[in-house]
Amino acid sequence: MVLQRIFRAVIMGPPGSGKGTVSARITKTFGLNHLSSGDILRANINAKTELGLLMKSCIDQGQLVPDDIISRLILSDLRAMDNNSWLLDGFPRTVSQAEALDDVYTVDTVINLNVPFQTIKQRLTSRWTHLPSGRVYNVDFNPPKVPGCDDVTGEPLVQRDDDTPQTVTRRLKNYENQTEPVLEYYRSKGVLETFSGTETNKIWPHVEAFLHRKLSPVNQRVA
């Protein structure tokens, strides 16, 4: 689909909600540029940029990276794409980050994936990761072509410590506590659209239909 105007969206959802899969389908179907905060953070840490070194220092000391450092990092990447449509994944995670984003850009829509925690727990404990790239596989619905090996490099996959049931429960609770205010922030602005379900393949058609409506030429002219 060729967009008639710049369209900026945020996708939200707990770890294991299928956010990565839905993001990939959105970028492929609608031609949005996908920006993952995790990828941006990793790239800056690996490149030893000024902000990357600051973040690594926080992480090494077991501290949360301050909002303003994360916001500066993400906004720096977004400024390089000023004339492009994008889908932002993993940012904002706090209201102050959402406000920092709003100070610079107008977010057209926020897609929120609402998947039951029990479903996510089952998914995450089936997850295997290729650590160097961050590619994630699920033995139930997105298995690697060769069991235990990354599709692209053939390197071994590992199960991360944070995919154990106890850690997953804690991460989901933390996500809920941290992001509920952000969802409320976007809800109050009238841009939040929530999609509920237990299977990505059943949620996706609703997301796709919503974005087709949102991005149809008639709506774009009105907007």
Do [X] and [Y] have side chains that approach each other closer than 4.5 Å (heavy atoms only, starting at C-beta)?
| X | Y | value |
| --- | --- | --- |
| I120 | P15 | no |
| V104 | R79 | yes |
| I70 | T94 | no |
| F30 | F7 | no |
| F210 | T109 | yes |
| Y105 | L75 | yes |
| D39 | R42 | yes |
| L88 | L101 | yes |

Quick check for you: to the nearest 0.5 Å, what is the distance between [X] atom [atom1] and [Y] atom [atom2]?
| X | Y | atom1 | atom2 | value |
| --- | --- | --- | --- | --- |
| R187 | T194 | CZ | OG1 | 6.0 Å |
| E193 | L211 | CD | CG | 9.0 Å |
| L183 | S188 | CG | OG | 11.0 Å |
| F91 | M12 | CZ | CE | 11.0 Å |
| K121 | R171 | NZ | CZ | 13.0 Å |
| L78 | L73 | CG | CG | 10.0 Å |

Practice task
Could you tell me whether R135 and D150 make a salt bridge, using a distance below 4.0 angstrom between a side-chain N and a carboxylate O?
Solution key: yes
Problem - Salt-bridge criterion met for D102 and K189 (N-O under 4.0 Å) - result: yes
Problem - Derivation and outcome, side chain to side chain contact (heavy atoms under 4.5 Å, CB included), residues D77 and M81 - result: CA-CA 7 Å; D77 268 55; M81 304 175 54; 5.9 Å; no
Handout entry: Trace of the side chain to side chain contact (heavy atoms under 4.5 Å, CB included) decision for L54 with V65
Key = CA-CA 8 Å; L54 270 172; V65 181; over 6 Å; no
Exercise for the section: Using the salt bridge (charged side-chain N to carboxylate O under 4.0 Å, His left out) rule, collect all pairs that involve residues 84-99, keeping only residues at least two apart or in two chains. Expected result: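 Salt bridge (charged side-chain N to carboxylate O under 4.0 Å, His left out) check on residues 84-99 returns K19-D89.
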Handout entry: Contact list for residues 194-210, test salt bridge (charged side-chain N to carboxylate O under 4.0 Å, His left out), sequence neighbours left out
Key =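 For residues 194-210: E199-K202.
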Problem - Residues, nucleotides or ligands: over 12 heavy atoms within 6.0 Å of E155 CD - result: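 Counting other residues, nucleotides and ligands, CD of E155 exceeds 12 neighbours.
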Looking at every heavy atom in both [X] and [Y], which two are closest together, and how far apart are they?
| X | Y | answer |
| --- | --- | --- |
| R5 | S85 | O-OG, 3.7 Å |
| L172 | P14 | CD2-CB, 3.8 Å |
| M55 | I45 | CE-CG1, 3.8 Å |
| L113 | S17 | CD1-O, 4.0 Å |
| G90 | S37 | O-OG, 3.0 Å |
| P147 | P144 | CA-CG, 4.2 Å |

Practice task
Let me see the working for E176 and K173 under side chain to side chain contact (heavy atoms under 4.5 Å, CB included), right down to the final yes or no.
Solution key: CA-CA 5 Å; E176 186 177 48; K173 212 69 204 147; 2.8 Å; yes
Joint hydrophobic cluster, [X] plus [Y], side-chain heavy atoms closer than 4.5 Å:
| X | Y | answer |
| --- | --- | --- |
| V110 | V115 | no |
| V95 | Y175 | yes |
| L35 | V107 | yes |
| W86 | V22 | no |
| I69 | I59 | yes |

Distance-only side-chain donor-acceptor flag, [X] / [Y], under 3.5 Å:
| X | Y | answer |
| --- | --- | --- |
| N44 | T49 | yes |
| R127 | N142 | no |
| Q61 | S57 | yes |

Practice task
Hydrophobic side-chain clustering at under 4.5 Å (ILVMFWY, transitive links): who's grouped with L157? Put none if nobody.
Solution key: W128, Y137, V139
For [Y], does its backbone N or O pair with a side-chain atom of [X] as donor and acceptor, under 3.5 Å?
| X | Y | result |
| --- | --- | --- |
| T29 | I26 | no |
| N114 | F195 | no |
| T169 | P165 | yes |
| T27 | S23 | yes |

Handout entry: Option from V10, I203, I11 for which side chain to side chain contact (heavy atoms under 4.5 Å, CB included) with I111 holds
Key =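 Among V10, I203, I11, the one meeting side chain to side chain contact (heavy atoms under 4.5 Å, CB included) with I111 is I11.
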Practice task
Test side chain to side chain contact (heavy atoms under 4.5 Å, CB included) on V207 and W204 and set out the steps.
Solution key: CA-CA 5 Å; V207 175; W204 165 245; 4.0 Å; yes
